[in-house]
Amino acid sequence: MTQALKIAVLASGRGSNLAALIEAHAAGQLPVEFTLVASDKADAGALQLAETARIPTLALLPRNYADRASYDRELFARIAASGAELLVLAGFMRIIDGTVLAPWAGRIINIHPSLLPKYRGLHTHRRALEAGDAEHGASVHFVTAELDGGPVIAQAKLPVLPDDDEHTLASRLLPLEHRLLPAVTGLIASHRLSLGANGIELDRQLLAQPLLLGEDTLAA
Ligand code: GAR
């Protein structure tokens with residue numbers, strides 16, 4: 001049995017992806033220990049979910065800091081102090097200052113609701129519909145200083161239906177996100193997947209393309 005990987009989670013909103021991580025852990029499917037759930041919003045649903053699960057929480061409000069760099073310095077100091085080895089961004093809606101990210105290279109992942117490199121940033125569902133895409137999806141990637149630009153680990157795809165609007169597309173994608181994020185976190189926690197000098201390695205082999213939910217490694 002591998003030792004539990006210590007993880008912290010950052011979330012700005014309702015926290016359904018955090019809930020998926022907590023549920024996978026409770027079901028014995030995720031070898032992690034949650035050290036902290038932090039948010040930039042005092043009323044984030046994610047903080048309540050964490051409290052219910054008896055995970056330490058932190059609400060750190062940007063308005064109390066002079067600038068992005070000082071906010072991010074404090075946030076990342078608190079994350080490091082929690083003992084976290086991996087940081088999971090689960091709906092964290094702030095851009096993070098590159099200088100605080102550097103020591104965490106290969107130890108931060110983010111879930112983003114698009115098939116990266118398509119649609120970095122906001123309004124991803126709307127943009128996929130406007131482009132007339134036949135498929136849409138979500139990506140989990142390692143975080144770098146480039147917004148939504150780090151190496152993509154895995155994706156979940158779904159077809160865009162003729163009647164889809166932003167909301168139907170988002171709501172059909174969300175359950176896939178809830179499988180994707182715990183699955184990728186599990187691969188990292190069990191030391192099967194990491195970011196090496198030449199790219200992402202799975203079972204010590206360079207990954208040629210992102211893993212796909214539903215196929216082989218992410219079959220569950
Ligand atoms: C998720 O759809 C996630 O992919 C997205 O925010 C939502 C959070 O939902 N993340 C981003 O847009 C990051 N740029 P949740 O709070 O219910 O997990």
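Note that these values count all heavy atoms, side chains included, but never hydrogens, waters or copies made by symmetry. Residues: numbered from 1 along the sequence shown.
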If you take all heavy atoms of [X] and [Y], which pair is closest and at what distance?
| X | Y | result |
| --- | --- | --- |
| G121 | D148 | N-OD2, 2.8 Å |
| N17 | A90 | CB-CB, 4.0 Å |
| F92 | L75 | CZ-CD2, 4.0 Å |
| E177 | P182 | O-CD, 4.0 Å |
| V184 | A154 | CG2-CB, 3.6 Å |
| A4 | E33 | CB-N, 3.9 Å |

Say you draw a straight line from [atom1] of [X] to [atom2] of [Y]; how long is it, rounded to the nearest 0.5 Å?
| X | Y | atom1 | atom2 | result |
| --- | --- | --- | --- | --- |
| I153 | L211 | CD1 | CG | 8.5 Å |
| I7 | T185 | CD1 | OG1 | 6.0 Å |
| L180 | S139 | CG | OG | 8.0 Å |
| W104 | I109 | CH2 | CD1 | 12.0 Å |
| T144 | I108 | OG1 | CD1 | 9.5 Å |
| L212 | T217 | CG | OG1 | 10.5 Å |

If hydrophobic clusters are built from ILVMFWY residues whose side chains come within less than 4.5 Å, do [X] and [Y] share one?
| X | Y | result |
| --- | --- | --- |
| L176 | L30 | yes |
| V88 | L10 | no |
| I188 | L36 | no |
| I96 | V152 | no |
| L187 | L86 | yes |

Determine all donor-acceptor pairs shorter than 3.5 Å in which one atom belongs to a side chain in residues 196-207; sequence neighbours excluded.
{"from": "D203", "atom 1": "OD1", "to": "R192", "atom 2": "NE", "distance (Å)": "2.8"}
{"from": "D203", "atom 1": "OD2", "to": "R192", "atom 2": "NH2", "distance (Å)": "2.7"}

Do [X] and [Y] have side chains that approach each other closer than 4.5 Å (heavy atoms only, starting at C-beta)?
| X | Y | value |
| --- | --- | --- |
| L101 | F76 | yes |
| D164 | R172 | yes |
| P31 | L5 | no |
| R68 | I95 | yes |

Checklist line | Partners meeting side-chain contact (heavy atoms from CB on, under 4.5 Å) with A44 (sequence neighbours left out) | finding: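 side-chain contact (heavy atoms from CB on, under 4.5 Å) list for A44, sorted by chain: S39, K41, L47.
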Check: Under 3.5 Å, is there a donor-acceptor pair between the side chain of D72 and the main chain of A69?
Finding: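 Pair absent, no side-chain N/O of D72 close to backbone of A69.
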Note to self: I'd like to know if the side chain of T57 and the backbone of A50 have a donor-acceptor N/O pair within less than 3.5 Å.
What the structure shows: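 The answer is no, because no donor-acceptor pair under 3.5 Å joins these two groups.
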Notebook entry, point to check: Taking only residues at least two apart or on different chains, which pairs with a member in residues 33-71 satisfy ring pair (Phe, Tyr, Trp, His ring centres under 6.0 Å)?
Noted result: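 Sorted pair list: H25-F34, Y65-Y71.
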Next item on the list: Start with the C-alpha distance between L21 and V9, add both sets of side-chain angles, then the distance that settles side chain to side chain contact (heavy atoms under 4.5 Å, CB included), and finish with yes or no.
Entry: CA-CA 10 Å; L21 291 170; V9 179; 4.2 Å; yes
Notebook entry, point to check: Stepwise, does the side chain to side chain contact (heavy atoms under 4.5 Å, CB included) test hold for H178 with L181?
Noted result: CA-CA 6 Å; H178 296 164; L181 187 59; over 6 Å; no
Determine which pairs satisfy salt bridge (charged side-chain N to carboxylate O under 4.0 Å, His left out) with at least one residue from [range], sequence neighbours left out, and list them in order.
| range | value |
| --- | --- |
| residues 92-113 | none |
| residues 121-136 | K118-D133, R126-E166, E135-K157 |
| residues 74-86 | E74-R78 |

Notebook entry, point to check: Between I55 and T35, does a side chain to side chain contact (heavy atoms under 4.5 Å, CB included) hold up when you go through it step by step?
Noted result: CA-CA 7 Å; I55 300 167; T35 64; over 6 Å; no
Next item on the list: Kindly determine whether Q155 and L213 satisfy side chain to side chain contact (heavy atoms under 4.5 Å, CB included), including the steps that lead there.
Entry: CA-CA 6 Å; Q155 296 182 316; L213 187 70; over 6 Å; no
Next item on the list: Classify the ring geometry between H136 and Y119 as parallel (under 30°), tilted (30 to 60°) or perpendicular (over 60°).
Entry: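 Ring orientation, 0 to 90° scale: tilted.
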Notebook entry, point to check: Out of L218, I111, L116, which one pairs with V140 under the side-chain contact (heavy atoms from CB on, under 4.5 Å) rule?
Noted result: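 Among the candidates, only I111 passes.
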